[in-house]
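Since the structure comes first, as structure tokens, the remarks are kept for the end.
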Amino acid sequence: MNIDSIFNEFINVVRENKKYTIGLLDKGGTVTNCSNEKLLGTKLDFRSRDENNLFYPVKEKNFDFGWLWLYGNDENLELMGNLISDSLNVRLAYEISQNMLRQDVTEDDRLIKLLLDETIFDTNKILNLVSEMEFDQNKSRVAIYIYREKGFDSRKIERLKLIPDSEKILASLLNNHVLLIYKAVPDGIDNQGLKNCIKKYLGTLTNFDIVGDSYWVGSVQKKLRNYRVSYEHCLWLRDYVKNKKVEVVFFVDFLYEFFISRIGLKDVSGVFAYYKDSSKGLDIDELIRISDSLFENNFNISQTADNLYLHKNTLIYKLKKYEESFHIDIRGDFKGRFLFVLIAMLMKEHRKRRQVGEE
């Protein structure tokens with residue numbers, strides 16, 4: 001950033017008032033820019049502040065530009081000096097933020113591209129870029145996949161880092177319709193805390209007119225290598241979970257479904273041949289409906305019964321029958337529930353194959 005071009009604006013203001021001389025000194029005290037060009041190169045002692053010579057440090061966000069010097073024989077010199085110093089630092093802070101913003105967007109894009117690379121995890125490139133960015137890789141982060149049908153305004157996304165609570169994010173437009181954000185969250189945060197944190201942040205984005213039609217929130221990850229995993233969990237949610245517009249969908253709410261979806265039925269069909277034989281005489285369509293409803297209602301018996309328009313005792317009777325047939329505990333044991341859902345999935349697959357003549 002060229003501070004002289006910014007400082008020249010202040011010089012032009014001071015030149016309108018002949019009572020003052022304004023100058024910019026480097027860290028050694030040499031005048032590098034001044035309203036009186038004859039003083040360029042002059043060495044001044046910025047420690048010798050008096051009623052006619054005022055010196056102000058010019059520092060913003062770890063950038064040390066030197067000293068602002070104001071000379072005059074006016075009783076309002078101090079007032080003028082404070083005003084110019086404050087104005088200069090505010091302007092510098094803005095320019096630095098804009099400059100860092102343009103740089104960070106580019107760096108964020110580069111880092112996210114490296115982290116999501118399916119072919120190779122280039123450790124050296126990633127670590128070099130992380131160091132360059134001074135990115136804190138020790139924070140826990142979660143991927144937020146935001147889709148907007150009409151597309152995002154790239155100018156608004158460029159200002160993302162200026163939004164409160166956005167200084168510790170990674171963000172990149174994967175395409176005109178998809179914004180991917182890696183949001184830092186507190187270590188050890190529980191599921192409800194995670195939801196509150198993300199919804200609060202998304203509310204802030206909405207206030208700044210960065211709005212999506214759908215939001216998918218992946219798993220919390222600590223290591224850079226696993227950032228892609230959180231992103232993949234967002235993709236799984238997008239593909240497998242039907243959601244309404246402007247609804248935030250969290251991966252933590254679908255862990256059971258995710259693990260079920262990862263089991264290849266071809267791999268387990270032999271193991272479950274026994275259960276298939278045990279299902280003879282049962283109403284398979286009804287079994288599948290009950291399994292699906294239990295699954296959707298988190299195995300809550302009352303809610304499932306209501307969903308199926310059954311009396312609670314009737315549902316319990318049917319579940320007891322399944323428990324006796326398959327020798328599992330569906331109502332009180334997680335493993336039994338898991339097996340029952342797998343059995344129902346096996347029945348669905350078996351029925352499909354019969355329909356096409358494979359069995």
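Every heavy atom of this structure was used, including side-chain atoms; hydrogens, water molecules and symmetry mates were not. These figures come from a predicted structure and were not determined experimentally. Quick note: residue numbers are just sequence positions, from 1.
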Qualifying residue, where the test is side chain to side chain contact (heavy atoms under 4.5 Å, CB included) with Leu180 and the options are Asn175, Ile144, Leu174: Leu174
Go through the steps for Tyr182 and Tyr227 under the test ring-ring contact (aromatic ring centres under 6.0 Å, His included), then give the verdict. CA-CA 8 Å; Tyr182 281 98; Tyr227 278 30; 4.9 Å; yes
Without swapping roles, check the side chain of [X] against the backbone of [Y] for a donor-acceptor pair under 3.5 Å.
{"X": "Ser291", "Y": "Ile288", "value": "no"}
{"X": "Ser293", "Y": "Ile290", "value": "no"}
{"X": "Asn128", "Y": "Asn124", "value": "yes"}
{"X": "Asn297", "Y": "Asn300", "value": "no"}

With rounding to the nearest 0.5 Å, note down the distance linking [atom1] in [X] to [atom2] in [Y].
{"X": "Phe259", "Y": "Phe338", "atom1": "CZ", "atom2": "CZ", "answer": "9.0 Å"}
{"X": "Leu282", "Y": "Met347", "atom1": "CG", "atom2": "CE", "answer": "7.5 Å"}
{"X": "Glu134", "Y": "Asp136", "atom1": "CD", "atom2": "CG", "answer": "11.0 Å"}
{"X": "Arg141", "Y": "Leu224", "atom1": "CZ", "atom2": "CG", "answer": "8.0 Å"}
{"X": "Gln137", "Y": "Ile126", "atom1": "CD", "atom2": "CD1", "answer": "10.0 Å"}
{"X": "Leu194", "Y": "Lys183", "atom1": "CG", "atom2": "NZ", "answer": "10.0 Å"}

When you look at Lys19 and Asn73, which way does the side chain to side chain contact (heavy atoms under 4.5 Å, CB included) test go after all the steps? CA-CA 7 Å; Lys19 293 187 294 185; Asn73 292 299; over 6 Å; no
Considering non-hydrogen atoms only, spot the tightest contact between [X] and [Y] and give its length.
{"X": "Lys195", "Y": "Val252", "result": "CE-CG2, 4.1 Å"}
{"X": "Val31", "Y": "Leu39", "result": "CB-O, 3.5 Å"}
{"X": "Ser219", "Y": "His233", "result": "OG-ND1, 2.7 Å"}
{"X": "Ile169", "Y": "Ala171", "result": "CD1-CB, 4.0 Å"}
{"X": "Val217", "Y": "Cys234", "result": "C-SG, 4.0 Å"}
{"X": "Arg331", "Y": "Arg337", "result": "O-NH2, 3.4 Å"}

Is [Y] paired with [X] through a side-chain N to carboxylate O contact shorter than 4.0 Å?
{"X": "Asp213", "Y": "Arg148", "value": "no"}
{"X": "Lys335", "Y": "Asp329", "value": "no"}
{"X": "Glu324", "Y": "Lys320", "value": "no"}
{"X": "Arg49", "Y": "Glu78", "value": "yes"}
{"X": "Lys312", "Y": "Asp306", "value": "no"}

Any luck finding a side-chain donor-acceptor pair between [X] and [Y] under 3.5 Å?
{"X": "Ser172", "Y": "Asp109", "answer": "yes"}
{"X": "Asn36", "Y": "Thr21", "answer": "no"}
{"X": "Ser140", "Y": "Asp187", "answer": "yes"}
{"X": "Asn196", "Y": "Gln192", "answer": "yes"}
{"X": "Asn52", "Y": "Tyr71", "answer": "no"}
{"X": "Glu232", "Y": "Ser230", "answer": "no"}

Non-hydrogen side-chain atoms of [X] and [Y] separated by less than 4.5 Å:
{"X": "Phe152", "Y": "His177", "value": "no"}
{"X": "Asp153", "Y": "Ile210", "value": "no"}
{"X": "Ile181", "Y": "Leu160", "value": "yes"}
{"X": "Arg228", "Y": "Glu118", "value": "yes"}
{"X": "Leu319", "Y": "Leu294", "value": "yes"}
{"X": "Leu24", "Y": "Trp69", "value": "no"}
{"X": "Tyr147", "Y": "Tyr215", "value": "no"}
{"X": "Asp333", "Y": "Ile328", "value": "no"}

Do [X] and [Y] sit in one hydrophobic cluster, given that two such residues count as connected whenever their side-chain heavy atoms are within less than 4.5 Å of each other, even indirectly?
{"X": "Phe121", "Y": "Leu170", "result": "yes"}
{"X": "Phe55", "Y": "Met80", "result": "no"}
{"X": "Val211", "Y": "Phe208", "result": "yes"}
{"X": "Tyr322", "Y": "Ile343", "result": "yes"}
{"X": "Leu44", "Y": "Leu77", "result": "no"}

Given Ile198 and Val185, is the side chain to side chain contact (heavy atoms under 4.5 Å, CB included) satisfied, shown in steps? CA-CA 8 Å; Ile198 298 302; Val185 296; 4.3 Å; yes
Does NZ in Lys321 sit with more than 12 non-hydrogen atoms of other residues, nucleotides or ligands closer than 6.0 Å?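 Atom NZ in Lys321 is not crowded, with 12 or fewer foreign heavy atoms closer than 6.0 Å.
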Would you indicate whether Glu51, at its atom CD, is surrounded by more than 12 heavy atoms from other residues, nucleotides or ligands within a distance under 6.0 Å?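 Counting neighbours around CD of Glu51, 12 or fewer heavy atoms of other residues, nucleotides or ligands fall under 6.0 Å, so no.
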If you apply the rule side chain to side chain donor-acceptor pair (under 3.5 Å), what do you find for Asn53 with Asp50, and how did you get there? CA-CA 5 Å; Asn53 292 277; Asp50 56 42; 3.3 Å; yes
According to the interplanar angle, ranging from 0 to 90°, do the rings of Phe258 and Phe251 count as parallel (below 30°), tilted (30 to 60°) or perpendicular (above 60°)? perpendicular
So that I know where these two stand, are Phe46 and Trp67 an aromatic pair - ring centroids less than 6.0 Å apart?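 Yes; Trp67 has its ring centre under 6.0 Å from that of Phe46.
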The test is side chain to side chain contact (heavy atoms under 4.5 Å, CB included); show your working for Ile330 and Phe299 and say whether it passes. CA-CA 9 Å; Ile330 299 171; Phe299 281 82; 4.1 Å; yes
